[in-house]
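To keep things clear, I will list the structure first and then write my remarks on it.
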Amino acid sequence: MSGGLPRYRTHTCGELRAQHTSTTARLSGWVHRKRDHGGLLFIDLRDNYGLTQCVLKGSSPHLRTAEGLRLESVVTVTGTVVARAPEAVNPKLPTGEIELAVEGLEVLSIAEPLPIQVSGDAEYPEDARLRHRFLDLRREKLHRTILLRSHVIASIRRRMLGAGFTEFQTPILTSSSPEGARDYLVPSRVHPGKFYALPQAPQQFKQLLMVAGFDRYFQIAPCFRDEDGRADRSPGEFYQLDFEMSFVTQEEVFAAIGPVLHGVFEEFRPECVVTPPPFPRIPFDEAMLTYGSDKPDLRNPLAIRDVTAAFRDSGFAVFAAAIAGGAVVRGVRAPQGAAQPRSFFDKLGQWARAEGAAGLGYVALAEGGAKGPIAKFLDASHLGKLRAQTGATDGDAIFFVCERRPAADRLAGRVRNKLGEELGLIEKHAFRFCWVTDFPMYELNEETGKIEFSHNPFSMPQGGLEALESKDPLTIKAYQYDIVCNGVELSSGAIRNHRADIMYKVFAIAGYSRAEVEARFGGMLNAFKFGAPPHGGSAPGIDRIVMLIAGETNIREVIAFPMNQQAQDLLMQAPAPVPPERLKELHIKLDLPPE
RNA sequence: GGGCUCGUGGUGCAGCCUGGUUAGCACACUGGACUGUCAAUCCAGAGGUCGCGGGUUCGAAUCCCGUCGAGCCCGCCA
């Protein structure tokens with residue numbers, strides 16, 4: 001190696017340009033690809049920053065060593081930057097105008113044959129990718145996504161600080177919290193039989209920070225929930241942009257976070273339309289009725305309509321009987337659907353039955369009349385009602401779902417999604433945000449018949465103490481809201497209940513005695529007795545934000561080291577057994593299920 | 001806990017429906033050829049308990065049963 005140069009590199013692999021021609025450069029990186037012509041060898045050397053073509057000629061004393069290098073070995077090369085002949089320029093590479101004529105070669109680390117290839121865009125099974133995550137992370141797509149995640153988080157942090165929020169850290173070892181999920185527990189060595197819990201969210205801490213007078217809190221907060229994974233839900237742990245504000249109404253929370261989200265999405269996806277703030281508000285009840293979901297995808301132009309009235313006294317006995325039994329009928333207009341072949345309707349009917357529906361009714365409208373299996377049961381006046389209620393005209397089809405609520409809403413929502421996809425109606429290159437507001441404070445557990453919190457028990461009920469004392473609990477709304485983007489629930493938040501007296505009552509309705517409330521939430525309840533500001537906030541999911549921005553549908557694609565659906569870390573082999581003496585120290589005896 | 005789908009050399013796939021040659025192809029790997037490639041190319045080679053167990057059959061990657069693992073979904077997740 002020539003002297004006087006830095007030990008490993010003078011430039012990165014993405015840095016050299018035509019202007020560096022004739023200078024001596026030293027690069028270090030991974031052997032991405034080799035092209036061996038016998039007396040001429042090309043090596044594409046890769047690092048975090050890019051790819052540089054290195055060339056060794058027949059005269060080189062290093063040719064033999066270089067030829068034998070397996071892919072992904074790590075080397076340092078030193079040589080002269082050479083301009084490529086015009087016909088040899090590679091326009092696909094930023095460094096494509098030059099190459100490094102290798103004079104010195106040092107092998108830093110030899111790679112064994114690879115279990116998954118780093119170069120190329122082959123797809124690999126997820127367990128292999130997770131087991132060799134360090135290799136997967138070298139691959140272009142995942143490497144880029146993880147860098148994007150870092151940039152998104154940096155942007156969010158900058159925007160939050162700019163909006164006057166203060167960043168805090170809150171405990172990881174804490175006590176069991178009142179969220180709905182199971183806690184991860186950590187045994188205490190010094191307190192036999194007692195456990196810490198990992199926070200499902202820093203909910204109580206951020207509220208305590210408001211009580212402590214810090215006014216505007218945020219944190220890129222790790223959250224731990226012992227629940228099963230989904231494509232959009234990482235088992236175990238995830239991150240939230242957790243924030244909270246004092247002396248605010250719901251509108252002021254919206255006004256604070258809307259521009260942050262809008263700004264981040266526009267910054268990283270400038271080619272896309274992003275809903276400008278203020279985002280539309282959709283009350284929960286309307287969302288369920290019109291979109292069949294509490295997380296409506298507003299890229300889909302279709303709307304669900306209640307058409308129960310058009311069928312109540314119609315000749316279609318199947319629906320009429322169901323309606324008499326308490327069912328409702330929901331209609332979804334399929335624009336230009338009448339032109340679809342019979343197989344389209346049959347396929348959707350099959351799909352609906354697979355979704356658990358009894359079936360999927362439809363009519364195809366043409367020339368003022370209607371076709372389809374149930375059209376003959378509908379006279380002109382019923383058809384007129386249907387047209388008026390759904391906005392359908394000749395050439396359209398209308399699909400019908402007939403079920404009891406809330407199943408009818410959910411199924412109609414899936415029909416809306418399905419039709420949007422099948423008919424190609426989903427808006428492309430768009431991030432459509434909305435607030436879903438006015439969630440019910442309570443809901444009825446169908447199995448136990450008991451009243452339970454439908455969301456966060458710390459939310460302020462609309463109407464306050466008076467509503468709690470006078471109204472049917474199931475009709476009470478909370479100042480509780482979700483941010484939804486493209487049908488993905490990004491966060492849920494609320495104006496909190498900052499009054500101890502209302503809190504006792506809120507919990508009493510859900511069946512918690514005064515003593516229980518004090519035992520479980522004594523810390524926060526106590527804080528509210530010494531002067532608590534009205535406050536509220538929300539907590540958009542960082543992983544889901546990055547997932548949307550990256551255009552991924554699987555949340556593990558935006559996490560550097562995710563666990564699999566069974567909540568196992570295949571790389572670090574967690575969870576793992578521990579030696580008996582560690583268990584003894586923690587006062588734990590195992591009681592394992594039989595094999 | 002349940003449903004659906006998948007499981008074939010290191011990796012991605014084909015073969016399975018309709019049982020019967022030496023289980024085929026590509027990438028990677030090993031050896032060889034090759035002086036301008038950029039997914040280099042060409043030749044040769046090595047590498048497989050067809051997830052595991054049982055059954056049917058003269059014969060099973062293929063059919064049947066069970067089991068294990070993975071993914072997606074339901075439950076669950078304010």
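Protein chains get the first letters and strands the later ones, always in sequence-line order, with residue 1 at the start of each.
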Where the side chain of [X] is concerned, which of [options] is the nearest nucleotide?
X       : options                : result
A201(A) : A78(B), C77(B), C38(B) : A78(B)
F42(A)  : C76(B), U37(B), C27(B) : U37(B)
R70(A)  : G36(B), C29(B), A78(B) : C29(B)
D36(A)  : G71(B), C34(B), C77(B) : C34(B)
E99(A)  : G36(B), C77(B), A78(B) : G36(B)
N456(A) : A28(B), C74(B), A78(B) : A78(B)
Q565(A) : C29(B), G36(B), C72(B) : C72(B)
D44(A)  : C29(B), C38(B), C76(B) : C38(B)

Base, sugar-phosphate, or nothing: which does [X] touch, judged by heavy atoms less than 4.0 Å apart?
X       : value
R84(A)  : base
S454(A) : sugar-phosphate
A231(A) : sugar-phosphate
R33(A)  : sugar-phosphate
E126(A) : sugar-phosphate
K92(A)  : sugar-phosphate
R556(A) : sugar-phosphate

Both distances under 3.5 Å, Watson-Crick or G-U wobble: report the partner of [N], or none.
N      : result
U22(B) : none
G45(B) : C29(B)
G66(B) : C52(B)

Which whole number of Å gives the distance between the [atom1] atom of [N] and that of [M]?
N      : M      : atom1 : value
G20(B) : U57(B) : C1'   : 12 Å
C4(B)  : A46(B) : P     : 43 Å
A61(B) : G71(B) : C1'   : 22 Å
C42(B) : U56(B) : P     : 50 Å
C43(B) : G59(B) : C1'   : 38 Å
G48(B) : G36(B) : P     : 38 Å
A26(B) : G47(B) : C1'   : 15 Å
G19(B) : C68(B) : P     : 30 Å

**Message:** With a 3.5 Å cut-off and heavy atoms only, can you find an N or O donor on one side and an acceptor on the other between the side chain of R230(A) and the base of G71(B)?
**Reply:**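 No, the side chain and the base share no sub-3.5 Å donor-acceptor pair.
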
**Asked** Less than 3.5 Å between a donor and an acceptor, one on the side chain of D228(A) and one on the base of G75(B), is that the case here?
**Response**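 Between G75(B) and D228(A), which were checked side chain against base, a qualifying N/O pair under 3.5 Å is present.
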
Look at [X] and [N] and indicate whether a side-chain polar atom (N or O) is within less than 4.0 Å of OP1 or OP2.
X       : N      : answer
R35(A)  : U37(B) : no
N564(A) : A70(B) : yes
R225(A) : C76(B) : no
Q566(A) : G69(B) : no
Q568(A) : A70(B) : yes
Q200(A) : A78(B) : yes
Q480(A) : A78(B) : no
N554(A) : C72(B) : yes
Q117(A) : C29(B) : no

Interatomic distance where [atom1] belongs to [X] and [atom2] belongs to [N] [whole Å]:
X       : N      : atom1 : atom2 : answer
E443(A) : C76(B) : CD    : C1'   : 13 Å
F284(A) : A78(B) : CZ    : C1'   : 13 Å
Q204(A) : A78(B) : CD    : C1'   : 13 Å
R233(A) : G75(B) : CZ    : C1'   : 10 Å

**Message:** Centre-to-centre under 6.0 Å for Y442(A) and F453(A), is that the case here?
**Reply:**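 Aromatic pair counts; centres sit under 6.0 Å.
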
Does the pair [X]/[Y] count as a salt bridge with the N-to-O cut at 4.0 Å?
X       : Y       : result
E251(A) : R281(A) : yes
R46(A)  : E140(A) : no
E126(A) : R556(A) : yes

**Item:** Aro-ring/base stack H37(A)-G36(B), d under 5.5 Å, angle under 30°
**Value:**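 No.
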
**Message:** Surrounding CZ of R404(A) (heavy atoms of other residues, nucleotides or ligands, distance under 6.0 Å), is the total greater than 12?
**Reply:**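 No, because the 6.0 Å sphere around CZ of R404(A) holds 12 heavy atoms or fewer from other groups.
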
**Backbone N/O of Q200(A) and side chain of R225(A): donor-acceptor pair under 3.5 Å** =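 Yes; at least one donor-acceptor contact below 3.5 Å.
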
